[in-house]
Amino acid sequence: MTATAESLPTRFEFSTAQARVWQAWMAQRAFHSEPDQRRAYSIVIPPPNVTGALHLGHALNNTLQDVLVRTRRMQGFNTLWMPGTDHAGIATQAVVERRIREEEGKSRHDLGREELVRRIWQWKDQYEARILGQLQQLGCSCDWERTRFTLDDVCARAVRFTFFDLFQKQLVYRGKRLVNWDTFLQTAVSDDEVFNETVRGWFWHLKYPVIDPLPGEPEFVIVATTRPETMLGDTAVAVHPDPESAMAQAETDLRQKQQRASAAEQPAIRRELEQLEDRRATMLPVLLRLRAMAADGRKLRLPIVDREIPLIADAWAKPELGSGCVKITPAHDPNDYEVGQRHRLPQINILNPDGTLNGQAAQFSGLTIAVARKRVVEHLESIAAIDRVEEREIELPHSDRSKTPIEPLLANQWFVQMDTLAQSAIDAVDDGSVTIAPARYVHGYRAWLAEKRDWPVSRQLWWGHQIPVWSRTCANETLLAEVTGELARLLAAHPDRAAIQVESHETLDEVGSVSQAATIHVCLRDDDPPLERALAALELVRDPDVLDTWFSSALWPHSTLGWPERTSELGYYYPTSTLVTSRDIITLWVARMVLMGLNNMGAIPFRQVYVHPKILDGYGETMSKSKGNGVDPLDVIEKFGADALRFGMVHLTTETQDVRMPVAFECPRCGHSLEQTRKNRELPRLDCPACHQPFSTQWASSEADRALPRGAVLSERFEVARNFVNKLWNAARFSLIHLEGYLFTPLRASDLLLEDRWILSRLNTVTAQVNEHLDHFRFSEIARTIYDFAWDEFCSFYVEILKNRMEGEPRAAAQTMLAYTLDRLLRLLHPIMPFLTEEIWRHLNEIAGVRGLEMADPPTDLLVQAAWPVVEPPRIDPLIESQFARFQKVLSGLRDIRAKQNIAPKKPLQFAVRCNTNLAEMLRPLIPYIQRMANATATDLGDSITLPAVHATAVLPDIELFVDLEGLIDVQAEVGRLTKEVNNLDGQIQSKSQKLGNANFVARAPAEVVAKERESLAQLQEQRQALQDALQKLNSH
RNA sequence: GGGCGUUUAGCUCAGUUGGUUAGAGCGCCAUGCUCACACCGUGGAGGCCACUGGUUCGAGUCCAGUAACGCCCACCA
C-alpha cells in the first residue's frame, strides 16, 4: 500500500484543497477562451451589484451557471463564461451617501459631484474585488481575464453609441413625467425601488365653493383626499362626463361579478349594489348638474390660495366613488397628470426637492409635508371648508432605500420609445429564437412588453453614465432659428458623431398662460472636449442626470464582447447560449437585453433563458440584507466547503419550488446552533443558550458588540452535501489505497464479472440520465441521480464487492475496473463539485496514470480539461441490472433476519438458498461477497437443497432463503416477522384480486397491464404459500 | 383587482406521459467504532398525497371548484 494514500486524512480538507486546486486552474488558464474552430458555448454572468457582498441567491445563480459551463467545456465546446459587475446606480450611490453621512456628517452636496463619484469608485473597487473573490471561492470558471464592469470604458462606449443611435432614430426623447421622489435622499427612485405600506391615515372631504352659483346649483363641490396639502397645487376639479352611464356600467360590472362570485362573497357584493342604488338616487342629480356646469366652463374657488379653478368633465372622476368629484393636482399625482394633459391644465409644483413646500405654497412655504398637512387642515377647518374626516387604512408608497414616504414630483425625463423595440422582443420569443424555461415565465415577459410603455431612462443621480445630451431652451422662434443655425455650422464637421433634436413644448405656468418655447438637444456620440466647449459657448448645458442602470445592463451580452467594435469575440460568442437568472428581473433585464441586442446587433443576445428558483428563509420570506435573514456564502464555504455549498444548491434547484432554507446562528464559541426567528434576526448580539456566552451578528454596531466573536449564519441544509463530499472522499481513499501496484490491463468482455457489467451498465444509464436532465435544466435531478449512484451503488455495493477481489490475486482486472469507474464518476461529478473531484483526480493520476477499459485512455492532467463520459448504449443491460437486484434482495433478506432475530453482527450466520438452477448459477459467483457484507456463509444453493434443521425464512420473488438458527432462534420474533410478511402479502393479494375481479378492468385496461397484474398476483400467492408453510413448521415445533 | 406558483412523513422536498400497498435526506427508535468513511453501517417506526366534486377499469398525477400560504403586476381621489 502506498504511504501517500494511507496517510490521507479521513475528512476532506476542503480549504487547503480549494486553494491548491484553484491555483492549478489559474496556472493552466483553464477558464480562458479564445475564438477558434470549435463550437462555442457562452454565458454572460448576471453582473452582481457592487452594492455589497454576495448572498446565497448569487451562490445559487452562479453555481448553476458554472455547472452548465463546466459540463459544456468537458463536452468539447469552446466555453466562455463572461464575468463582471454592475454599477447599480441608485443602490450604490445610496449606500455610499448614507455611509458618508453617518461617518462624516456630510451630504452629497457638501462633497460635490466629482468627489462623490470618486468616493463611489473607491467603494466599487473594494466591493468588486470582494465579489469577484467570492465568485472565485465558489469555484466559478469564468474567464477572469475578461472581467468587465458596466461603467468601464468598453461598456461606457457601448452605452454612448446606443444612446446616440436611439437619439438619431428619434427613439429617445425628452418629456415631463412624475417621478417617485425620495425627499430624504433627494433623488428620484424607480418604480421597482418603491414598496407600499399600509398605514393608518385620514381621508379628508374638502369643500370647494362654486363661484356665483345659480339657483338650484350646489354651493360647494366636495372632493376627498388623503393628502390635503396637495390642494395648494390643485388646478381643477373633475366630474364624470356621463355619470349616468358610468354608474350603469359600474352596476353591470358588479352584477357580472356577482354571478361568478362564491356564496361567501355574495353579501358584500349585494351591499355594494345597494349602495350604488342609493348613490344613483341621491347623487346622480347633483353630478348631472355639475356635468352641465363643467360644460358651461364654470369655475370653483380654491380655498386658502383663492385661485379660480375650472370644473372639468373627465372620465377619471368615478361617479361610483366618494363624492363623484375628484380634485386634480397634475404636478403631484400620476393620474391627475394625465387629466391635466388632456385638459391642458397648468401644473403647479408645490414641493422643493428636499420635501419642504416651496413658494407656490404661500404661507406654508418652507414647511415639511407633515407640518404643512397639519396647518392646511387647521386652516381649512377654520374657514369651515372641511366637510368631514374619515379614518381609514391607506396604502402609502415608500422608498426602499430610505424607508421614507415617496412624493410624486414632476420632472424632465428622457424616455426610450418602446413601441417597435418591445415588439421585436415579443417576436423573438414568439418565433422561438429565444426560449424561456420554465415556459410559464413567457406570459409575464410578453404581458409586460405588450404594454409598450415608454421606458424612463434618466435618473437624478451622479453615479452612472451621464446622459450625453447638451440642451438649451429658447424662449421664441427667432432665438431658436438663430441657435439652430449656429449649431448646424458647428456640427457640420462631425456628421456621424452629433445629432440634434428639437423639443417643442408649451410652457404652462402657474397662472395658466401659455408660451411657445422649444428646447434644442444635441447628443454627442463620443467624448469631445473641444466640441463640448463650443456647445457651452452657445449656452448649451449638459444634462446632469445619468442613465438608468438597466440601460447599461441591457447591453451586457454584446458590450462585454467589445461592441461597437467588430471584434472577433463578437462574431464567435454572440449570440450567447444560455442566460441563467432569477425571475424578478425577467422584465427589467432579460426583456431589455433582447430588444437592445436586436437593435444594436440585429440578433438576439441568447438562445435560452433559464429561470431558477429563489432562496427563501425558513418562514418562506425572501432573503435580504435589510431583513437580516441573509446567509453569506463565505460562511457556508468556511463551514462546509465550496463543493458542499454547490452540491446543496444544485440539489435544491427543482423546477417549481422556491428553495426554503431555515437558517440558524452558530455560536462561535461552542458551535451550538440557534434557530433564526423573525425576532432574533435583527438583534446586534445574542446569547448562546448552550454556553451562555454572547456573540455578535451582522447588526453589531456598538464598540462592545463588535468586539464579540461573530456568529455565522448557516443552514443545516448543507449537511447532506457535506456528508456526501466526505463519503466520496473516503471512497476515493479506499480506491487509492487499493490501487497500489496498479497496472492498466485492457479488459475484454469475457474478463468482466457480473458486478462489473452491472456497474458499467449503471454508469452508462446514469450518464445518459444526467445528460438528459442537463438539457432540460433539471438540476435537482442531476444531483440526485449522481448522489444515489455514487452512494447506494458505487459505495454500498461495488466497492464492498471489490474488497473481496482486492484480497485475492490477481487483482489487475479489479483495479482496472475500479480506476475506470472512479474516473468516470469524477467526471460526472466535476461540474457540481469541482474542487473535490479535481483533488481526487490528482491523486488518482499519481497512482493510475493510465486508465481505460478496453483500451488505454490516458487522463488529462487536470480534470477540468477532461472529456465528459460518452454513453455506450451496448453497456446498458437491463437483464444484468435485474439479476443484480436479486443479489441485493438476498443480502437485505439476510440482514433483516439478523436484525429481527437480534443476532449480533459479529456472530456468523449460515444459510441456504432455494431457487431455480439458472438463478443459482447467476448467484453462485456473488455468494462470497455475502460473506463479507452480511457475515453469512451459504451452505447450499439450488433447486433441491437441504434445509437447516432450525431456520428462519425469507421469501423473495423466485427465491427462498433459509437461515440456520440452531441454538439461536427466537421463535416468537420469527413468528412475528413471518406473520407481518404474510399480512403484508395478504393486503396486496386482496387488492389485486379485487382489481382482477372487476370485469371492467379486465375488459378495458390494456392487455399488458392486465397480464402484468395476473402475473404479479400469482407470484404473491406463491410467496404467501411459502411463508405460510414456514409459519406452520415453526408452530409445530 | 389581474396573473403565477405552492399545499405529499415531525422538518425540507422528490414523485417525468394516470398503472404493484407513494419515495429521499434530516430528525426519531433499535443496533454496531468489522482495517475507505460514526459527516459511517444495518434494521425500524412514521402519510385519508389541503378539501369537495368530476373524468376513468384505475387519480398524488387529468378537469372544475373551495381554502390557506407565497410571489409578481396594477391600484382609487
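Worth saying up front: this structure is predicted, and the values here are computed from it rather than measured. All chains are named by letter (A, B, ...) in the order of the sequence lines, taking the proteins before the strands, and each is independently numbered beginning at 1.
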**Student:** For a quick check of understanding: with a heavy-atom distance under 4.0 Å over all strands, which category does Gly987(A) fall into, base, sugar-phosphate or nothing?
**Tutor:**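 Base contact.
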**Student:** Contact class for Arg453(A) (heavy atom, under 4.0 Å): base, sugar-phosphate, or nothing?
**Tutor:**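 The residue Arg453(A) makes sugar-phosphate contact but no base contact.
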**Student:** Are there more than 12 heavy atoms of other residues, nucleotides or ligands under 6.0 Å from atom CD of Glu638(A)?
**Tutor:**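 No, CD of Glu638(A) has 12 or fewer neighbouring heavy atoms, counting only those of other groups under 6.0 Å.
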**Student:** Do the side-chain N or O atoms of Thr654(A) get closer than 4.0 angstrom to the phosphate oxygens (OP1, OP2) of A14(B)?
**Tutor:**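 The answer is yes; a side-chain N or O of Thr654(A) sits under 4.0 Å from OP1 or OP2.
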**Student:** Report all interatomic pairs (protein N or O, nucleotide N or O of nucleotides 43-48 of chain B) with separations under 3.5 Å.
**Tutor:**
from: A45(B); atom 1: OP1; to: Lys980(A); atom 2: NZ; distance (Å): 2.9

**Student:** Atom pairs, N/O to N/O, protein against nucleotides 57-59 of chain B, distance under 3.5 Å?
**Tutor:**
from: C57(B); atom 1: OP1; to: Arg1004(A); atom 2: NE; distance (Å): 3.2
from: C57(B); atom 1: OP1; to: Arg1004(A); atom 2: NH1; distance (Å): 2.1
from: C57(B); atom 1: OP2; to: Arg1004(A); atom 2: NH1; distance (Å): 3.3
from: C57(B); atom 1: O4'; to: Asn1000(A); atom 2: O; distance (Å): 3.4
from: C57(B); atom 1: O2'; to: Asn998(A); atom 2: ND2; distance (Å): 3.1

**Student:** Check each of Glu407(A), Arg373(A), Lys327(A) against Thr230(A) using the side-chain hydrogen bond (donor to acceptor under 3.5 Å, both in side chains) test, and report the only one that passes.
**Tutor:**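 Going through the options one by one, the only one that passes is Lys327(A).
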**Student:** For Asp584(A), what residues pass the side chain to side chain contact (heavy atoms under 4.5 Å, CB included) criterion, not counting sequence neighbours?
**Tutor:**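 Checked Asp584(A) against side chain to side chain contact (heavy atoms under 4.5 Å, CB included); matches are Ser582(A), Lys614(A).
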**Student:** Just checking Arg227(A): base, sugar-phosphate only, or nothing, at a heavy-atom cut-off of under 4.0 Å?
**Tutor:**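 It contacts nothing in the nucleic acid.
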**Student:** Give a yes or no on whether the ring-centroid distance for His205(A) and Phe203(A) is below 6.0 angstrom.
**Tutor:**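 Ring centroids of His205(A) and Phe203(A) are less than 6.0 Å from each other.
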**Student:** Return the nucleotide paired to G41(B): Watson-Crick means purine N1 to pyrimidine N3 with N6-O4 or O6-N4, wobble means G-U with N1-O2 and O6-N3, both under 3.5 Å.
**Tutor:**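 Pair assignment: G41(B) / U31(B).
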**Student:** How long is the gap from CG on Asn771(A) to NE2 on His776(A), to the nearest 0.5 Å?
**Tutor:**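 Here the rounded value is 11.5 Å.
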**Student:** List, one per line, each side-chain donor-acceptor pair under 3.5 Å for residues 1007-1014 of chain A, sequence neighbours excluded.
**Tutor:**
from: Glu1013(A); atom 1: OE1; to: Lys992(A); atom 2: NZ; distance (Å): 3.4

**Student:** For nucleotides 30-40 of chain B, read 5' to 3', which letter fits each nucleotide if B means a protein heavy atom sits under 4.0 Å from the base, S means only the sugar-phosphate is that close, and - means neither?
**Tutor:** ---S--BB-BS
**Student:** Answer with base, sugar-phosphate or nothing: what part of the nucleic acid does Asp333(A) contact at a heavy-atom distance below 4.0 Å?
**Tutor:**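 Result for Asp333(A) = nothing.
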**Student:** Could you tell me which residues satisfy salt bridge (Lys or Arg N to Asp or Glu O under 4.0 Å) with Asp333(A), sequence neighbours excluded, listed by chain and number?
**Tutor:**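 Asp333(A) satisfies salt bridge (Lys or Arg N to Asp or Glu O under 4.0 Å) with no residue once adjacent residues are dropped.
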**Student:** Rounded to the Å, how far apart are Asp775(A) CG and U16(B) C1'?
**Tutor:**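 Going from CG in Asp775(A) over to C1' in U16(B) covers 15 Å.
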**Student:** Looking at every strand, decide which applies to Val223(A) at a 4.0 Å heavy-atom threshold: base, sugar-phosphate, or nothing.
**Tutor:**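 Val223(A): no heavy atom of the nucleic acid under 4.0 Å.
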